[in-house]
Amino acid sequence: MQSLGAGKVNSYPVLAPLILEQNSAAAALQEQLQALQLPPDTWVRVDWEDGTSSRWQPFRGDREQNFPTGYHQITIEAPQGSLQRGLVLTPSRCYTPPGNHKLQGINCFLPALRTARNWGVGDLTDLISFASELRAHARFDFIALNPLHAIHNRAPYNTSPYLPLSIFTSNLLYIDVDACPEYSRSRLARQLHASAPVQETLARLRAARHVDYESVARLKRFFLLVLYREFLRGDVSELDQYCSLRSHWLENFCLYQALDRHLHRRNPDCWHWRQWPEEFSSPHTSHSQTFAQLHQRRLRFYAFIEMRLEQQLALAQQTIRNLGYPVGLYQDLALATDRVGADHWAYQSLFAPGVRVGSPPDDFNENGQDWGFPALHPQRHALDGYRYFIESLRCAASQAGAIRLDHVMRLARLYWIPDGTSARDGAYVRDHFESLLRLLALESHRQKFFVVGEDLGTVPTYFRAALHQFHLYSYRLILFEREHGAFRPAAHYPKAAIASFTTHDLPTFAGWRQGADLEARLRTGQLQPDLLPQATQSRRDDIAQLARALDVPADCADGDIWFQALARFLATTPCQLRLLNMEELYDEATQQNLPGTTSEAPNWQHRLPCNLAEFFAIPVVQRRLEIAMEAKRCEQKSRALLMP
């Protein structure tokens, strides 16, 4: 806390909130007050989050004892002035699932789902169908999803779910238009849907090899506008209430969307806010505010879409839990926001100017990596009460039993690269690590979700100890788990972790064994032809090492045997969480994303080879689900025998 010596009565300097662990808050607060050297007749008042207040004199032996968790406000009232500051009291660690059960999940890239009824991309109704079909064949505890954040839906750029337009909102691609209540009431929507041109478009989108983000988004946006007009014919209080309960992020996002459409129509070469006229450079300009006032109906259209998306996501989470998945959905919270997206436009004051985020040179990339997205300014973020971080957690976890924090090391530091320089010239900038962890603990208990921190890459020495202290689960990929050149034995994995073979940015299990990733890198110019023989031999050596770790013959060509060994290995690790990938069920060799490419590869566009009903009837899929369940049963029997 700052000294009150220069303060004035009723002046409230802008200060970052004081974030304390609940059980030690009284002592910590007393220590903070003593450091200020305040006079003995100082009073302390706390306005608690529930609307009540407490007032006491700490230097006369009078100490407030009841310190509930939550977001409060503390005011120090001294003769020379008053000082007000946020006071956040948190649990000592994040929420963890009750009991000591091992939980098994399956990763599902939602856009990849094919059905006879969807519009060319997997939607939230398809997610329920996937969970239902899966439940008929196997017992999993959760379904892991790609980030559902809103993106621009403009190929070949901005189709990555990890570079969102906004981390507070969802992508309209995932809405099931037919399931919106307005659809059954709108004769026009049903007629248009049944028309030959629309049916031909839907047939083309469903049959396409890859997801066509732009075409699907365009079609859904048109139909949602028809449904919105139907909605406006009735009672709109539902939308009024929805908007009133949402933070400022919804209003800013809707304004961005409306301006984006308006200015692009005026100038087809205007694609993002950095190309907009200066008078619309932020939501706070007079022109932006005037536009919002004149186009309220248009802004509320985008709020209507978000409302229906949230409702369908809530239905999916509840239905999936009712099907017998105790956790339900495991949602992914992206690290980044697009530097030409809605969040950066709306909250420019929170981001550091003139820098972008990446990673330093290492053994895998001697030039480092330039990820190209903006960095939150630690001090500005703190002075704003960490609201950006808090709201992003609430949005990601609102319908989830677990969340995955992409690049969890961001809580401690990020690698900043000044504009005009390369990734070799960057430096790490520290963040308010403990404060962010405490806020995460508070929000996880409030919404009853557990947290997986994606801690791949360069990890500070103190970092994993802090994750363990706050009960965040580590993220362990077999591909990266090595000891002295060999793959780490299953018994050497940590308990507080999620174990899997790979992730979206890495080769699939089949693709790695077949060298499909090497071929893809060669095809896109990431691997020079003269280096292919060396890379191929290195891969052969790694496959032999993995075969030893999984207890598989090195020359084995049977995918089922490899999968059985993988499932058994994951089941025998001490890890409390295990994750299989959907691609492992049918030996898919192509990875979902090839880092370092845009138009060179169909990133984030790969789909299942067939419709869901047919997918679960494929013999290899049925065999592998049974293999996965048998590995789980064997592990449970082994644990039961070891129990006293």
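All heavy atoms count here, side chains included; hydrogens, waters and symmetry mates do not. Keep in mind that this is a model prediction, so the values were computed, not measured.
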Short N-O contact, R356 and D419, less than 4.0 angstrom = yes

Quick one: sort the H468 and H471 rings into parallel, tilted or perpendicular, breaks at 30° and 60°.
-> tilted

With E391 via side chain to side chain donor-acceptor pair (under 3.5 Å) - residues at least two apart | W249

Look at D455 together with R464 and state whether they make a salt bridge at an N to O cut-off of under 4.0 Å.
-> yes

Whether Y330 and F142 hold their rings parallel, tilted or perpendicular, with breakpoints at 30° and 60° = parallel

Tell me, please, which residues at least two apart from Y256 pass side chain to side chain donor-acceptor pair (under 3.5 Å).
-> H152

Side-chain polar contacts of residues 334-342 - donor-acceptor pairs under 3.5 angstrom, sequence neighbours left out - could you list them?
unit_1	atom_1	unit_2	atom_2	d
D338	OD1	V340	N	3.1
D338	OD2	N158	ND2	3.1
R339	NH1	G372	O	3.4

Do F351 and H344 make the cut of ring centroids closer than 6.0 angstrom?
-> yes

State, to 0.1 Å, how close Y415 and G426 come at their nearest heavy-atom pair, and which atoms those are.
-> OH-N, 3.2 Å

Y388/I167 under side-chain contact (heavy atoms from CB on, under 4.5 Å): CA gap, chis, key distance, verdict | CA-CA 10 Å; Y388 189 87; I167 60 171; 3.5 Å; yes

Under 4.0 Å between a Lys/Arg side-chain N and an Asp/Glu carboxylate O for E21 and R438?
-> no

The salt bridge (Lys or Arg N to Asp or Glu O under 4.0 Å) partners of D505 (sequence neighbours excluded) come to none

Say whether Q289 and H284, considering side chains only, have a donor N or O and an acceptor N or O under 3.5 Å apart.
-> no

Return yes if some donor-acceptor pair links the side-chain N/O of R488 with the main-chain N/O of R482 below 3.5 Å, else return no.
-> yes

Do you see a donor-acceptor pair shorter than 3.5 Å between the side chains of T285 and S288?
-> yes

Salt-bridge present (E310, R246; N to O < 4.0 Å) = yes

May I ask you to check whether S422 and R424 show a side-chain donor-acceptor distance below 3.5 Å?
-> no

Can you tell me how far the CG atom of L148 sits from the CD atom of Q331, to the nearest 0.5 Å?
-> 5.0 Å

How far apart are the C-alpha atoms of L579 and L570, what are their side-chain angles, what is the distance that settles it, and do they pass the side-chain contact (heavy atoms from CB on, under 4.5 Å) test?
-> CA-CA 8 Å; L579 184 65; L570 291 172; over 6 Å; no

Is the side chain of T69 donor-acceptor paired with the backbone N or O of L89 at a distance under 3.5 Å, no angle test?
-> no

Apply side chain to side chain donor-acceptor pair (under 3.5 Å) to Y475 and list each qualifying residue two or more places apart in sequence or on a separate chain.
-> none

Heavy-atom pair of closest approach, residues L33 and I76 | CD2-CD1, 3.6 Å

Distance from Q317 atom CD to L127 atom CG, nearest 0.5 Å?
-> 9.5 Å

Would you call E238 and R308 a salt bridge, using N to O less than 4.0 angstrom?
-> yes

Please test N146 against W604 for side-chain contact (heavy atoms from CB on, under 4.5 Å), starting from the C-alpha separation and ending with a verdict.
-> CA-CA 10 Å; N146 51 285; W604 309 111; 5.6 Å; no

Going by the angle between their ring planes, with limits at 30° and 60°, are W48 and H72 parallel, tilted or perpendicular?
-> perpendicular

With distance as the sole test, does R85 use its side chain to make a donor-acceptor pair with the main-chain N or O of A16 at under 3.5 Å?
-> yes

Is the backbone of A150 close enough, under 3.5 Å, to the side chain of S170 for a donor and an acceptor to pair up by distance?
-> no

Distance-only side-chain donor-acceptor flag, Y162 / D332, under 3.5 Å = yes

Can the ring centroids of W345 and H272 be said to lie less than 6.0 angstrom from one another?
-> no

Please walk me through it: do D406 and L333 pass side-chain contact (heavy atoms from CB on, under 4.5 Å)?
-> CA-CA 6 Å; D406 186 42; L333 176 58; over 6 Å; no

Say whether R321 and Q318, considering side chains only, have a donor N or O and an acceptor N or O under 3.5 Å apart.
-> no

So, for P79 and P39, which heavy atoms are closest and what is the spacing to 0.1 Å?
-> CD-CG, 3.6 Å

Do the charged groups of R446 and E49 touch, with an N to O distance under 4.0 Å?
-> yes

Kindly compute the distance separating CG (L83) from OG1 (T75), expressed to the nearest 0.5 Å.
-> 8.0 Å

Applying side chain to side chain donor-acceptor pair (under 3.5 Å) to Q379 and not counting sequence neighbours gives H432

If you measure from CD on E443 to SG on C94, what distance do you get to the nearest 0.5 Å?
-> 10.5 Å

Rounding to 0.5 Å, atoms CG (L437) and OG1 (T90) come to a distance of 9.5 Å

Using a distance-only test with no angle check, is there a side-chain donor-acceptor pair under 3.5 angstrom linking E635 and Q104?
-> no

Reported CZ-to-CG distance for the pair F501 and L477, which is rounded to 0.5 angstrom = 9.0 Å

